[in-house]
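Every chain is numbered from 1, with letters handed out A, B, ... down the list of sequences.
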2 protein chains.
Amino acid sequence: MTTVFARHCASRTALEEIGSKWGILALLALGEGAYRFNALRRRVDGVSERMLSQTLQTLERDGLVTREVHSTIPPRVEYSLTGLGEKVADSLRGLADLLEGSVAEMSAARERYDARGD
Amino acid sequence: MTTVFARHCASRTALEEIGSKWGILALLALGEGAYRFNALRRRVDGVSERMLSQTLQTLERDGLVTREVHSTIPPRVEYSLTGLGEKVADSLRGLADLLEGSVAEMSAARERYDARGD
DNA sequence: CTGTATCCCCTTTGATACTG
DNA sequence: CAGTATCAAAGGGGATACAG
């Protein structure tokens, strides 16, 4: 684990794509199971169509997400995780759980910090 | 683990601050041990003084990072992780290791994707 | 050395409208 | 439903200069 720190290395690029604002949330949501586009959009509160589409394309390109098109009317597209995507999502869920469990601690830290600096 | 998806919840805010471009790398670096400002800046390739300073302030405010000032000449400031920071860094290291080990797989996926879409 | 302040660019993002 | 196209706005982020 030394290459992540290098500017243009593949793992750092991947880390930035996954860690991007919507990447984490999309992966966490898909960790719950497959989603259709608009269902996923509703699950990830606040994401625009454009950003979700863009995020999913990136994740698909990186081999973390599978896009399955059913050419029915109306069209139906399902997104799900690949094997690698599952592993990444598991890791992210660990982080998310940790943070959810530490909300109080972080909130206290923030108050202390703000009080100190005035 | 359902609150992360809500727009203004504390855990999602934290997730975004930590997951920000430089947040992940700073935490990974500090996971290796304490660093002084400029040493950290050298470790995290490409970060500007401004962004590193800003990132560290946020992480300190959230209670993930400790800032210790030694009023010597020249001044000496050491950054290290708090208990919570260690936990977060461990989680991130797991993710980083996973990604470093999957670079080939992701690269192959990308080539397949690009070839398909032309 | 360890930052903060200022200026400025330009990429990311969001709204809106439109297509298959 | 599932997106893409376009445009405008905001803010992330770099360079530089300066302060403690």
Side-chain angles (χ1 to χ4, degrees), chain A residues 5 7-8 12-26 29-30 34-62 65-80 113-114 116-118, chain B residues 5-8 12-26 29-30 34-62 65-80 113 116-118:
Chain A
F5 294 113
R7 227 186 297 225
H8 294 97
R12 173 155 157 187
T13 302
L15 202 60
E16 286 176 4
E17 287 171 355
I18 291 168
S20 72
K21 181 169 182 182
W22 302 115
I24 297 180
L25 292 173
L30 289 174
Y35 272 98
R36 296 177 59 177
F37 186 82
N38 278 309
L40 188 56
R41 184 155 134 66
R42 281 187 295 274
R43 183 71 178 121
V44 179
D45 192 27
V47 68
S48 66
E49 292 183 352
R50 184 172 185 269
M51 282 301 101
L52 182 57
S53 173
Q54 198 171 309
T55 300
L56 289 170
Q57 277 180 36
T58 301
L59 295 178
E60 188 193 359
R61 192 170 108 95
D62 285 348
V65 162
T66 301
R67 180 173 180 271
E68 202 170 345
V69 183
H70 303 271
S71 300
T72 55
I73 297 177
R76 176 192 171 79
V77 181
E78 282 222 333
Y79 292 90
S80 54
Y113 184 92
D114 292 346
R116 227 183 46 209
D118 290 336
Chain B
F5 294 113
R7 229 184 300 223
H8 294 96
R12 173 154 155 186
T13 301
L15 203 60
E16 285 176 6
E17 287 171 356
I18 292 169
S20 73
K21 182 167 183 182
W22 302 114
I24 297 180
L25 293 173
L30 290 174
Y35 272 97
R36 296 179 56 178
F37 186 82
N38 277 309
L40 189 55
R41 184 155 134 65
R42 281 187 295 273
R43 183 72 177 120
V44 179
D45 190 28
V47 67
S48 67
E49 291 184 353
R50 183 175 185 268
M51 282 300 101
L52 182 57
S53 173
Q54 199 168 46
T55 300
L56 289 170
Q57 277 181 36
T58 300
L59 294 177
E60 187 194 359
R61 192 170 108 96
D62 285 348
V65 162
T66 301
R67 180 171 180 272
E68 204 171 343
V69 182
H70 304 271
S71 299
T72 56
I73 297 177
R76 174 192 172 80
V77 182
E78 282 221 333
Y79 292 91
S80 54
Y113 183 92
R116 227 183 45 210
D118 291 336

Can you find a side chain N or O atom of A:S48 that sits less than 4.0 Å from OP1 or OP2 on C:dT13? no

Taking only N and O in the side chain of A:Y79, is any of them less than 4.0 Å away from OP1 or OP2 of D:dG3? yes

Could you work out which one of C:dG14, D:dA2, D:dA15 sits closest to the side chain of A:K21? C:dG14

What is the distance, to the nearest angstrom, from the NE2 atom on B:H70 to the P atom on C:dG3? 11 Å

Whole-Å distance separating the CZ atom of A:F37 from the P atom of C:dG20: 18 Å

Between A:E78 and A:R50, who's closer to the 5' end of DNA chain D by nearest nucleotide? A:E78

Please state how far atom CG in A:D45 lies from atom C1' in C:dG14, giving the value in whole angstrom units. 14 Å

If you check every side-chain atom of A:R67, which of C:dG3, D:dG3, C:dT4 has the closest atom? D:dG3

Whole Å only: how far is the CZ atom of A:R41 from the P atom of D:dG3? 12 Å

Backbone of B:E49 reached by a side-chain donor or acceptor of B:S53 within 3.5 Å: no

Side-chain atoms of A:S53 come closest, of C:dT13, D:dG13, D:dT4, to D:dT4

Of all the choices, C:dT2, C:dT13, D:dA2, which nucleotide is nearest to the side chain of A:M51 once you look at every atom? C:dT13

In whole angstrom, what separates A:Q54's CD from D:dT4's C1'? 11 Å

A:Q57 and A:Q54, any side-chain heavy atoms less than 4.5 Å apart: no

If you check the B:N38 side chain, which of C:dT2, D:dA2, C:dG14 turns out closest? C:dT2

Whole angstrom value for the distance that separates C1' of D:dA2 from CD of A:E68: 15 Å

Name the closest nucleotide to the B:V77 side chain, picking from D:dC1, C:dG14, C:dG3. C:dG3

For the student: nearest non-hydrogen atoms of A:V77 and A:R67, plus distance: CG1-CG, 3.8 Å

Looking only at heavy atoms, the pair that brings A:A29 and A:V44 closest together is CB-CG2, 4.2 Å

At under 4.0 Å, does any side-chain N or O of B:Q57 touch on OP1 or OP2 of C:dG3? no

Using atom CD of A:E49 as one end and atom C1' of D:dT4 as the other, report the distance to the nearest whole Å. 10 Å

Rounded to the nearest angstrom, tell me the gap between atom CD in A:E60 and atom P in D:dA2. 15 Å

Does a sphere of radius 6.0 Å around NE2 in A:H8 hold more than 12 heavy atoms from other residues, nucleotides or ligands, not counting ones at 6.0 Å or beyond? no

